[in-house]
Amino acid sequence: MNAIYNFLKSQKLGIIVGFTATGLLIIGSFVMSYFPRHYAGLSGDDITFFFTEWKPIHAWFYLLFIGCVFYGVNTFLCTLDSVIRKAKGGVKKISLYGASLVHVGFIITLVVHLVGGLCSTSSPPVSVANEWVDVGGAEMKVTDLKTSSYPNGMPKNITVFVSVRKDGVEYSDTLGYNNPVLLQHGVLEVLMRDYGWIASSVILNIDGRPSNVSINEKINTGNAQLYVADLYMPPQYQYPVVKLVVTVKGQGSQQIFLPVGEKNAKVVNGVNIVFEDIKSVPGTLVSVKRNPSIPLTFVAIFFFSTGVLLVIFRTVRKVR
């Protein structure tokens, strides 16, 4: 048993596993670059992909996973052995424990990656525009959208301004491709998948009177009721087309497909209807990622920062 313990905590094992893990990461980068179709379902730090898609081409990852386990065990035992020796030797200076705290932070970081890789989940994408939408237990709506482009037309910066409402408290935030909205202290991340302008309503001219009508809204015109059932946009149709359901008392209902433009006007039950325009609002497509390892991340940062500060403090004192 002592032989196994000494092997697992040996410095030689740590060096071998460390260089091996580095080499496997390099190999994995080349494999994913040259065979991207085998990693089409891989997203972010989700490592469950490798355990649901068992393939020989993923051998580098399985070896890396085993190597990281040995690396974590080796670091833990080395740190434990170092702390015990210092405690038994009567070392009371806190600054001498700085390196051990850094090692503890490293161990927690490995646990963070493991928990995040195995337990992270993402929700299906949802559209958010100028109406409140439930996103990760909070409500969100878009208030503005600002974009900038490179000279060749490619998007440069995309900033979506949003309002978030949770537990009766409303506040403003911004959303971007590398700028998620954080909820529950970072456990939930609202990630932007796409952005653009979303049709919110249509302008219908009814007997010379323009009306701003939302999709699924009903309006009354004389003895008839007009229901805006849907809006079809290109490329489904060459031009925007609104689907209307007209209900006349005693005559039932009929569907009308009305293209945009005054020349496409139709007379329904003696009422002239023109589909004049579309009103658009800024919107975005988002998904919510849940990562339960975020609280552990703060713990790892605390140990790393404290350990580094103690090491620096000790070094400065030795120099003086």
Side-chain angles (χ1 to χ4, degrees), residues 4-5 7-79 102-126 136 152 154-155 158 175-180 182 186-195 284-297 299-301 304:
I4 296 176
Y5 175 77
F7 169 74
L8 290 176
K9 76 178 183 67
S10 66
Q11 187 179 28
K12 185 182 293 185
L13 175 65
I15 294 172
I16 293 173
V17 173
F19 278 107
T20 302
T22 303
L24 288 170
L25 284 171
I26 296 172
I27 292 171
S29 298
F30 281 113
V31 171
M32 287 191 288
S33 297
Y34 285 102
F35 304 97
R37 63 186 183 89
H38 291 286
Y39 299 92
L42 181 61
S43 175
D45 53 1
D46 180 17
I47 63 173
T48 57
F49 166 84
F50 294 98
F51 299 107
T52 55
E53 298 281 341
W54 291 91
K55 294 179 180 179
I57 199 171
H58 301 332
W60 66 268
F61 174 81
Y62 305 131
L63 293 173
L64 176 64
F65 186 86
I66 295 170
C68 287
V69 171
F70 274 100
Y71 205 5
V73 172
N74 176 261
T75 306
F76 172 76
L77 293 179
C78 286
T79 305
V102 173
H103 292 159
V104 172
F106 172 72
I107 295 168
I108 297 175
T109 301
L110 290 177
V111 175
V112 166
H113 284 293
L114 180 63
V115 174
L118 294 177
C119 302
S120 294
T121 57
S122 295
S123 68
V126 295
N152 62 359
M154 292 291 291
I158 298 97
L175 181 66
Y177 279 120
N178 294 311
N179 178 34
L182 303 180
V187 174
L188 297 181
E189 293 179 307
V190 181
L191 305 173
M192 186 174 76
R193 300 298 185 189
D194 203 353
Y195 69 97
T284 180
L285 190 68
V286 302
S287 63
V288 180
K289 180 181 178 180
R290 180 180 180 84
N291 189 349
S293 68
I294 294 300
L296 280 175
T297 303
V299 177
I301 293 172
F304 264 124

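- The side chain to side chain donor-acceptor pair (under 3.5 Å) search around Arg193 returns Ser287, not counting sequence neighbours.
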Show me the side-chain donor-acceptor pairs of residues 62-69 shorter than 3.5 Å, one per line, residues at least two apart or across chains.
unit_1	atom_1	unit_2	atom_2	d
Tyr62	OH	Phe50	O	2.7

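- Separating the OG1 atom in Thr297 from the CG atom in Asn291 is a distance of 6.5 Å, to the nearest 0.5 Å.
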Review item, side-chain donor-acceptor pairs of residues 109-117, under 3.5 Å, at least two apart:
unit_1	atom_1	unit_2	atom_2	d
Thr109	OG1	Gly105	O	2.7

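- Heavy atoms from other residues, nucleotides or ligands lying under 6.0 Å from NZ of Lys55 number more than 12.
- Here the closest heavy-atom approach between residue Gly136 and residue Val288 is recorded as N-CG2, 3.9 Å.
- In this structure, Ser29 and Ser33 approach most closely via the heavy-atom pair O-OG, 2.8 Å.
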Please set out all donor-acceptor pairs under 3.5 angstrom arising from side-chain atoms of residues 13-28, sequence neighbours excluded.
unit_1	atom_1	unit_2	atom_2	d
Thr20	OG1	Ile16	O	2.6
Thr22	OG1	Gly18	O	3.0

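- Listed by chain and residue number, nothing satisfies the side chain to side chain donor-acceptor pair (under 3.5 Å) test with Asp194 (two or more places apart in sequence, or in another chain).
- Residue Phe35 places its CZ atom among 12 or fewer non-hydrogen atoms of other residues, nucleotides or ligands, all under 6.0 Å distant.
- You'll find the side chain of Lys289 reaches within 4.5 Å of the side chain of Ser120, heavy atoms only.
- Contacts of Thr79 classified as side chain to side chain donor-acceptor pair (under 3.5 Å), with partners at least two apart in sequence or in another chain: none.
- Applying the ring-ring contact (aromatic ring centres under 6.0 Å, His included) rule to Tyr71 yields the partners Phe106; only residues at least two apart in sequence or on another chain are considered.
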Could you give me the CA-CA distance, side-chain angles and deciding distance for Trp60 and Met32, then say whether side-chain contact (heavy atoms from CB on, under 4.5 Å) is met? CA-CA 11 Å; Trp60 66 268; Met32 287 191 288; 4.2 Å; yes
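- Two residues are said to be in side-chain contact when any heavy atoms from C-beta on lie closer than 4.5 Å; Phe304 and Val102 meet this criterion.
- A search for side chain to side chain donor-acceptor pair (under 3.5 Å) contacts involving His58 returns Tyr39, not counting sequence neighbours.
- Taking each heavy atom of Val286 and Met192 in turn, the nearest pair found is CG1-CA, 4.3 Å.
- For the residue pair Ala300 and Ile108, the shortest heavy atom distance occurs at CB-CG2, 3.8 Å.
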